Amino acid sequence: SIPTGIAVFFSTLNIFLSITASLGNALILVALHKETSLHPPTKLLFRCLAITDLCVGVITQPLYTVFLLSSITSGISWQVRYYSDKLSIASSFVLCQVSILLPSAISVDRLLALLCGLKYKQVVTVPRVRVVITCFWLISISLGTVFFWNYITVLTISFSLTVFGLTISVFLYSTIYVKLRQHQFQVSTLTQGQPNAKELPLNIARYRNSVSSAIWVQVVLLVCFIPCSVVVILLISGQISRSQMEIAVVFTTTSVYLNSSINPIIYCWKIRSVQQAAKETIKQLNCCKQA
């Protein structure tokens, strides 16, 4: 069983993170709806990630908090504890798996934007991105369903997908970095001979900004998921006891949920158009309250 002090602390922390994740990602969804500079397929990927984080705050974290409180409160029936545990695990697994796959898709999108040039809008379309997102959800739901029958196999598959996605993202962002360095040299040569080519650096500057935001999302995801990955490895290899696992799971689960509260901050920090749209939304809400 989970020690009372630990259960109370993490229950309080998850309530706070649930509120910040819900409000933050709801604000980001409104801001993305108003934002016009991002290419629609790219915006769709960020919007799906925000919806996933919103669901973590609205569904998964409240269920997990109920489970933690039921472990130290005698007034809550075992049925509530049982179903809150199962539902939080299922929703957490599905949503977190989607959150792991989406940043990899964003890295592919950013590389294609650089390589395809004018053909980018023809290659990366909203219907194609919708198909990719649908596949991500189907994979995640399938793994989440099988989890309760063979969790070791599912954890192994999930961990493999995570490593594969991370490897792909690192390779693609490295490729982007090399291509940008080459493009920077070409632009510097071009601007020396053609003074009217000043628009190119501005386009690249906006592209760099979008890549930077995507990289930060990937880095924060990695940092939040590292503790959980370590516990999964120890669990699969059988090197952790049941009592140790219960405490470790509480900590690592909260660490994973923290990612949903940090992502809105990254969007507002790194994507200026989203930041401006979020500020306008907050001003409108304040005006409505005063009225």
Side-chain angles (χ1 to χ4, degrees), residues 32 35 37-50 52-53 96-136 139-140 157-192 194 197-226 229 259 262-263 266-267 269-274:
L32 285 173
E35 200 276 340
S37 64
L38 286 175
H39 187 43
T42 306
K43 186 192 295 188
L44 179 59
L45 289 170
F46 279 108
R47 185 179 294 173
C48 184
L49 187 57
T52 303
D53 290 333
C96 291
Q97 191 64 58
V98 175
S99 297
I100 290 170
L101 294 172
L102 280 172
S104 299
I106 293 174
S107 67
V108 174
D109 170 73
R110 292 297 79 204
L111 180 62
L112 290 175
L114 185 63
L115 296 181
C116 295
L118 297 176
K119 295 182 180 180
Y120 169 67
K121 293 184 178 181
Q122 299 175 357
V123 175
V124 182
T125 62
V126 170
R128 290 176 179 175
V129 171
R130 284 175 179 167
V131 171
V132 172
I133 292 174
T134 301
C135 291
F136 286 170
I139 291 172
S140 302
I157 295 174
S158 177
F159 183 76
S160 301
L161 285 174
T162 302
V163 173
F164 176 75
L166 179 61
T167 304
I168 290 295
S169 296
V170 170
F171 173 75
L172 294 183
Y173 285 128
S174 299
T175 304
I176 289 173
Y177 175 78
V178 173
K179 294 293 183 181
L180 283 176
R181 290 296 298 267
Q182 294 175 352
H183 192 280
Q184 185 178 7
F185 175 76
Q186 294 172 357
V187 167
S188 62
T189 304
L190 182 64
T191 52
Q192 289 176 2
Q194 298 180 9
K198 294 182 179 179
E199 293 183 1
L200 284 174
L202 294 177
N203 292 334
I204 288 298
R206 182 163 51 177
Y207 175 78
R208 285 177 183 273
N209 196 28
S210 66
V211 171
S212 176
S213 62
I215 291 176
W216 271 101
V217 168
Q218 191 83 57
V219 170
V220 171
L221 176 74
L222 177 63
V223 172
C224 291
F225 275 75
I226 281 178
S229 300
N259 182 61
I262 297 178
N263 279 343
I266 297 175
Y267 303 148
W269 172 39
K270 300 302 296 184
I271 308 177
R272 291 184 179 180
S273 56
V274 173

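Fair warning: this is a prediction, and the values are worked out from it, not measured in the lab.
If you take CZ on Arg110 and OG1 on Thr175, they are separated by 15.0 Å, rounding to the nearest 0.5 Å. Of the inter-residue distances, the one linking Leu44 atom CG with Leu49 atom CG reads 11.5 Å to the nearest 0.5 angstrom. Leu38 CG to Ile271 CD1: the interatomic distance, rounded to the nearest 0.5 Å, is 5.5 Å. Here the OG-CZ distance, from Ser99 to Phe225, works out to 6.0 Å after rounding to the nearest 0.5 Å. Interatomic distance, Asn259 CG to Leu222 CG, rounded to the nearest 0.5 Å: 10.5 Å. One distance of note links CG of Asp109 with NZ of Lys43; it measures 13.5 Å at 0.5 Å rounding.
Residues Gly165 and Ser104 come closest through the heavy atom pair O-OG, 3.2 Å. In this structure, Ser210 and Ser213 approach most closely via the heavy-atom pair O-OG, 2.6 Å. Leu221 and Ile100 make their closest contact through CD2-CA, 4.0 Å (heavy atoms, listed as atom of the first residue, atom of the second, distance). Minimum heavy-atom separation, Tyr207 to Ala113: CE1-CB, 3.9 Å.
A donor-acceptor distance shorter than 3.5 angstrom exists from the side chain of Asn209 to the backbone of Lys270, with no hydrogens or angles considered. The backbone N or O of Val123 lies less than 3.5 Å from a partner atom in the side chain of Arg128, making a donor-acceptor pair. Using modelled atom types, no side-chain atom of Ser212 and backbone atom of Arg208 make a donor-acceptor pair closer than 3.5 Å.
At a threshold of 4.5 Å between non-hydrogen side-chain atoms, the residues Thr167 and Phe171 do not count as touching. Within the 4.5 Å cutoff, side-chain heavy atoms of Ile133 are placed close to those of Leu102. In this structure, the side chains of Val129 and Leu45 come closer than 4.5 Å at one or more pairs of heavy atoms. Here the side chains of Leu101 and Gln97 are in contact, with some heavy-atom distance below 4.5 Å. At least one side-chain heavy atom of Leu32 sits under 4.5 Å from a side-chain heavy atom of Phe46. The closest side-chain heavy-atom distance from Val124 to Cys116 is not below 4.5 Å. Put simply, the side chain of Leu111 does not reach to within 4.5 Å of the side chain of Tyr173, judged on heavy atoms. In this structure, the side chains of Ile139 and Leu161 come closer than 4.5 Å at one or more pairs of heavy atoms.
Using modelled atom types, one finds a donor on one side chain and an acceptor on the other under 3.5 Å when comparing Thr42 with Tyr120. With no hydrogens or angles considered, no side-chain donor-acceptor pair links Gln218 and Ser107 at under 3.5 Å. For the residue pair Thr125 and Arg130, no side-chain donor N or O sits within less than 3.5 Å of a side-chain acceptor on the partner.
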Inset, instruction - Go through the steps for Val217 and Ile106 under the test side chain to side chain contact (heavy atoms under 4.5 Å, CB included), then give the verdict. - result: CA-CA 10 Å; Val217 168; Ile106 293 174; 5.6 Å; no

